[in-house]
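Read through the structure below, which is laid out as structure tokens, and then see the notes.
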There are 2 protein chains.
Amino acid sequence: MKCMDAGSSRAWQLLVRFFFAQRERLPAAGDGLDLSPAQWHVLHLIEPEQPVPMGRLADTLGCDASNVTGLVDRLEARGLVERRASAGDRRVKVLHLTPTGSRLRAQLLRQIAGGSCRLARLSSQDQRTLVRILETLIDDPR
Amino acid sequence: MKCMDAGSSRAWQLLVRFFFAQRERLPAAGDGLDLSPAQWHVLHLIEPEQPVPMGRLADTLGCDASNVTGLVDRLEARGLVERRASAGDRRVKVLHLTPTGSRLRAQLLRQIAGGSCRLARLSSQDQRTLVRILETLIDDPR
DNA sequence: TATTGTTATACTCTATAACTATA
DNA sequence: TATAGTTATAGAGTATAACAATA
């Protein structure tokens with residue numbers, strides 16, 4: 001199969017290794033904030049003033065809708081997000097960050113930024129290239 | 001703090017998002033093999049003919065020892081790994097891959113290699129750059 | 001006494017299937 | 001009928017605390 005050429009295969013192997021190495025450190029990142037990795041991810045995905053429908057969240061997370069229900073239940077119980085009925089289609093519920101949620105998210109982003117120390121050692125050019133490549137990888141459908 | 005400059009912070013955020021995006025897709029990778037992400041990870045870590053003590057596995061996974069007990073219980077129930085008492089210290093149990101486990105692990109590695117499809121769409125130059133950058137990130141101590 | 005792994009317990013994450021309300 | 005979200009249920013992952021066997 002042509003997707004296993006040397007360059008991309010090597011890059012993939014490195015990404016997987018880097019991914020696993022960092023993954024173990026991610027829960028620690030949200031540790032002081034009492035967030036599980038999944039909650040951490042959800043909070044990361046909802047930007048203030050930019051509400052997200054639950055269905056889209058399920059798509060982005062790549063998990064079942066029933067799962068999102070529980071996830072949001074817990075976040076809502078902590079007063080971090082709010083469900084509101086969508087104006088156009090009343091079956092849809094959109095998620096808004098509360099002020100508390102917004103503040104916690106900001107803390108979270110600061111913690112994430114703190115993890116970028118290694119990346120800061122890259123040259124500016126490499127940083128730009130990395131950003132561009134990652135954007136390609138993330139945006140590319142499937 | 002100087003590690004929070006715009007370029008590295010953006011790159012880090014994208015890396016984190018990419019990790020999570022992949023994380024949700026990992027079960028799919030082991031899907032045909034009926035492996036959860038955690039089991040996937042454990043099997044990935046035990047090389048044939050190179051047994052691993054349970055304690056070291058807990059360290060590598062970054063989780064509690066009690067967690068490893070359950071994880072290994074399920075793998076052992078499927079005949080993929082085997083607990084054996086260590087010769088030197090009989091408190092320690094080392095994990096060996098069974099022939100079945102070894103075969104499944106080989107399949108797993110082939111699937112991982114297949115995951116490089118997205119990366120194959122990058123230009124050769126980008127692939128080389130990505131490899132170089134990732135090597136820097138991984139080799140750099142902490 | 002200290003360490004390795006297990007057990008008991010509790011909570012979160014995850015999926016499937018059946019259900020409700022809306023379209 | 002089809003879709004968005006919920007509920008019920010079950011299994012896996014995770015941590016803490018108490019425990020057994022060994023050092």
Side-chain angles (χ1 to χ4, degrees), chain A residues 20 23-45 51-78 80-96, chain B residues 20-45 51-78 80-96:
Chain A
F20 273 118
R23 195 172 82 115
E24 309 306 335
R25 253 173 239 152
L26 287 181
D31 232 10
L33 312 177
D34 261 319
L35 290 171
S36 74
Q39 294 170 343
W40 193 96
H41 193 189
V42 170
L43 212 59
H44 181 247
L45 287 174
V52 178
M54 297 197 51
R56 204 157 77 68
L57 205 52
D59 284 346
T60 309
L61 294 172
C63 71
D64 193 84
S66 64
N67 191 8
V68 174
T69 296
L71 214 43
V72 170
D73 279 350
R74 288 180 280 274
L75 290 173
E76 199 171 30
R78 285 184 54 185
L80 302 176
V81 303
E82 225 182 55
R83 284 168 167 102
R84 294 191 204 155
S86 170
D89 184 338
R90 282 169 48 188
R91 292 172 303 180
V92 175
K93 293 179 190 170
V94 285
L95 299 174
H96 294 251
Chain B
F20 271 113
Q22 287 306 124
R23 198 172 79 115
E24 311 304 338
R25 242 169 252 151
L26 287 182
D31 230 14
L33 312 177
D34 260 319
L35 289 171
S36 72
Q39 293 170 344
W40 192 96
H41 194 185
V42 170
L43 212 60
H44 182 247
L45 288 174
V52 178
M54 296 197 51
R56 203 156 78 65
L57 205 51
D59 285 346
T60 308
L61 294 172
C63 71
D64 194 82
S66 63
N67 191 8
V68 174
T69 296
L71 213 44
V72 171
D73 279 350
R74 289 180 280 273
L75 290 174
E76 199 170 29
R78 285 184 54 184
L80 302 175
V81 304
E82 224 182 54
R83 284 169 168 100
R84 295 190 204 156
S86 169
D89 184 339
R90 281 172 48 190
R91 292 173 304 181
V92 175
K93 292 179 189 169
V94 286
L95 298 173
H96 295 251

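Reminder, nothing fancy here: chain letters follow the sequence lines and each chain counts from 1.
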Do [X] and [Y] come within less than 4.5 Å of each other through their side chains, counting heavy atoms only?
{"X": "B:Leu61", "Y": "B:Leu45", "value": "yes"}
{"X": "B:Val52", "Y": "B:Val94", "value": "no"}
{"X": "B:Val72", "Y": "B:Met54", "value": "yes"}

With a non-hydrogen cut-off below 4.0 angstrom, is B:Asp89 in contact with a base, only sugar-phosphate, or nothing? sugar-phosphate
May I ask you to say what A:Arg83 touches in the nucleic acid, namely base, sugar-phosphate or nothing, with a heavy-atom cut-off under 4.0 Å? sugar-phosphate
Closest-nucleotide 5' rank along DNA chain D - winner of B:Gly70 and A:Ala65: A:Ala65
Whole-Å distance separating the [atom1] atom of [X] from the [atom2] atom of [N]:
{"X": "B:Leu57", "N": "C:dT6", "atom1": "CG", "atom2": "P", "value": "12 Å"}
{"X": "A:Arg84", "N": "D:dG5", "atom1": "CZ", "atom2": "C1'", "value": "18 Å"}
{"X": "B:Arg56", "N": "C:dG5", "atom1": "CZ", "atom2": "P", "value": "12 Å"}
{"X": "A:Leu80", "N": "C:dT12", "atom1": "CG", "atom2": "P", "value": "13 Å"}
{"X": "A:Asp73", "N": "C:dC13", "atom1": "CG", "atom2": "C1'", "value": "13 Å"}
{"X": "A:Asp64", "N": "C:dA18", "atom1": "CG", "atom2": "C1'", "value": "13 Å"}
{"X": "A:Asp34", "N": "D:dA15", "atom1": "CG", "atom2": "C1'", "value": "13 Å"}
{"X": "B:Leu71", "N": "C:dT7", "atom1": "CG", "atom2": "P", "value": "15 Å"}

What's the closest nucleotide to the [X] side chain, out of [options]?
{"X": "B:Val92", "options": "C:dT4, D:dG13, C:dT6", "value": "C:dT4"}
{"X": "A:Arg90", "options": "C:dA23, C:dC13, D:dT14", "value": "C:dA23"}
{"X": "A:Lys93", "options": "C:dT6, C:dT22, D:dG5", "value": "D:dG5"}

Check B:Arg78 with B:Glu76, please: is the shortest side-chain N to carboxylate O separation under 4.0 Å? no
Tell me whether B:Asp73 is salt-bridged to B:Arg83, with the criterion being a basic N under 4.0 Å from an acidic carboxylate O. yes
Base [N] paired with [X] side chain (donor-acceptor, <3.5 Å):
{"X": "B:Ser36", "N": "C:dT14", "result": "no"}
{"X": "A:Arg91", "N": "D:dT3", "result": "yes"}
{"X": "B:Thr69", "N": "C:dT7", "result": "no"}

